[in-house]
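Side chains are part of it too, since the values below use all heavy atoms of this structure and drop only hydrogens, waters and symmetry mates.
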Amino acid sequence: MRKTSSRLLALLSLLQTHRDWSGEELAGRLDITARTVRRDIDRLRELGYLITTVKGPGGGYRLAAGSQLPPLLFDDDQAVALAVALRTAATGTGVAEDAGRALATLRQVMPPRLRHRIDLVRVTAVPAPEAPDAARVDAQVLTELSRAVHAREELRLDHTPGHGDAAAERRRVQPHHLVTWRDRWYLVAWDLDREDWRTFRVDRIRPRTPTGPRFTPRELPGGDVATFVTGRFRGNDGTTTDWPCRGEVVLHLPAADVAPFAQDGTVEELGPHHCRLTLGSWSWTGLATAIGHFDADVEVVGPPELAAAFDELAARYSRAATSSRTRTPRPM
């Protein structure tokens, strides 16, 4: 027969599958007697787990939500997975401080064998060089927004724009999703006043109470939140993850020198010193500028809009060079 601790863990694992279990089913799955099942159920109740008795011909048990957090039982793999997730969240996300405290609490009560396993896992989240430091997000705000999303209730909020010292704006929205993008939290919502989809940075949101009436969720452009968010941050309407502008050029560089810096572009080798690059951007000027970063001769394959963007940049840079040569030096 299993030891009491491992038996309780196995019993709790079964009860957490969100279904009703008869005493006979539990006894059969755990290879114990029905009397032992009843005793173990009482032990879990003493530990704080709310286990209700299901009435009926066969009777049974169901794990319900309690009024406080009971002691948690994890098997070894679950404990290590949770520790790794907390360690990842504690390296640069908006809830880093809370995740770090949770990890310290979990590690303190772990047996030495598990503590040694998680100590061997060293996770360092390296943000993109252009990404700013992740702003801290209030866990209470995340909870309130999550509740409104789940309840499908309209939300009144104050949102502070990201430019200058602009005052907070009052918004009425239908919240649909909470998402993370490059170490930031965003709320995807339908803006009732602007009658359009919007993404709001959560660290700039202050929810107001009470919430509004319930609403029927709209269909998100693109069909799913990942497509919508990726598309919006790439400058399109959110129905696709494609860049609004995509062009093709031949670079006078080896493919091996271009590929590491092509991001989500495609690189095709044409010879030892030439390659074809297909790349996207939010604008034609932005695309031409990105291609210019490779510091090599460029042959535009298409489309014509990309060639026109190179012409405009060439004229702009020529004017800049001329102005620098003709500018009268300031007296020292």
Side-chain angles (χ1 to χ4, degrees), residues 16 18 48-52 62-72 82 85-86 89-90 92-102 105 132-233 237-239:
Q16 287 174 334
H18 304 293
Y49 291 95
L50 183 58
I51 301 174
T52 59
R62 176 189 305 147
L63 180 63
S67 59
Q68 60 184 5
L69 188 66
L72 300 177
L82 178 59
L86 288 172
T93 67
V95 291
E97 183 179 336
D98 296 329
R101 291 191 297 108
T105 301
D133 294 336
R136 175 169 172 76
V137 174
D138 189 332
Q140 181 62 31
V141 172
L142 281 177
T143 302
E144 293 178 18
L145 296 179
S146 298
R147 192 205 64 78
V149 169
H150 181 73
R152 298 177 179 176
E153 292 176 348
E154 291 182 6
L155 189 64
R156 295 180 303 127
L157 56 88
D158 293 328
H159 179 259
T160 304
H163 48 83
D165 298 325
E169 301 174 349
R170 184 77 54 84
R171 311 292 277 266
R172 294 187 311 118
V173 303
Q174 295 176 344
H176 280 251
H177 298 276
L178 270 176
V179 300
T180 57
W181 173 271
R182 296 188 176 180
D183 296 333
R184 292 198 189 280
W185 286 90
Y186 293 89
L187 174 69
V188 177
W190 175 263
D191 192 311
L192 290 165
D193 296 323
R194 291 158 179 79
E195 296 187 343
D196 194 9
W197 291 98
R198 291 290 190 272
T199 54
F200 301 94
R201 269 180 49 176
V202 172
D203 59 292
R204 295 175 179 168
I205 289 178
R206 292 295 175 267
R208 288 179 167 266
T209 56
T211 54
R214 291 175 61 86
F215 64 90
T216 300
R218 302 167 185 264
E219 183 177 354
L220 200 63
D224 63 83
V225 66
T227 299
F228 174 79
V229 172
T230 301
R232 279 298 177 101
F233 279 109
D237 59 4
T239 59

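How far CG of L178 is from NE2 of H150: 13.0 Å, rounded to the nearest 0.5 Å. The CZ atom of F228 sits 9.5 Å away from the NE2 atom of H176 when rounded to the nearest 0.5 Å. To the nearest 0.5 Å, the span separating CG on L145 from CZ on F200 amounts to 11.0 Å.
Side-chain contact between T216 and R152 is absent, with no heavy-atom pair separated by less than 4.5 Å. Here the side chains of W181 and R232 are not in contact, with every heavy-atom distance at 4.5 Å or above. Looking only at side-chain heavy atoms (C-beta outward), D196 and R198 come within less than 4.5 Å of each other. Using a 4.5 Å cut-off on side-chain heavy atoms (C-beta onward), V141 and W185 make no contact. Side-chain contact between L187 and I205: present, with at least one pair of heavy atoms (C-beta onward) separated by less than 4.5 Å. Residues P161 and E169 form a side-chain contact, since some pair of their non-hydrogen atoms from C-beta on lies under 4.5 Å apart.
R218 places no side-chain N or O within 3.5 Å of a backbone atom of W190 that could act as its donor or acceptor partner.
Across P175 and F215, no two heavy atoms sit closer than the pair O-CZ, 3.3 Å. The two residues E153 and T211 come nearest to each other via the heavy atoms OE1-OG1, 2.7 Å. Minimum interatomic distance between T230 and A226 (heavy atoms only, all atoms of both residues): OG1-O, 2.9 Å.
Ion pairing between a basic and an acidic side chain is recognised when a charged N comes within 4.0 Å of a carboxylate O; D191 and R171 show such pairing. Looking at E154 and R214, no side-chain N of the basic residue comes within less than 4.0 Å of a carboxylate O on the acidic one, giving no salt bridge.
More than 12 heavy atoms of other residues, nucleotides or ligands shown are found within 6.0 angstrom of CZ on R194.
Checked options L157, V188, L192; the residue passing with V173 is L157 (criterion: side chain to side chain contact (heavy atoms under 4.5 Å, CB included)).
A distance below 6.0 Å separates the ring centres of Y186 and F233.
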Please determine whether side chain to side chain contact (heavy atoms under 4.5 Å, CB included) holds for the pair R172 and L155, giving the CA-CA distance in whole Å, both sets of side-chain angles, and the decisive distance to 0.1 Å.
CA-CA 6 Å; R172 294 187 311 118; L155 189 64; over 6 Å; no

Which is it for W197 and L220 under the side chain to side chain contact (heavy atoms under 4.5 Å, CB included) test, yes or no, and what are the steps along the way?
CA-CA 9 Å; W197 291 98; L220 200 63; 3.4 Å; yes

Side chain to side chain contact (heavy atoms under 4.5 Å, CB included) for R201 and R204? Distances and angles first, verdict last.
CA-CA 6 Å; R201 269 180 49 176; R204 295 175 179 168; 2.9 Å; yes

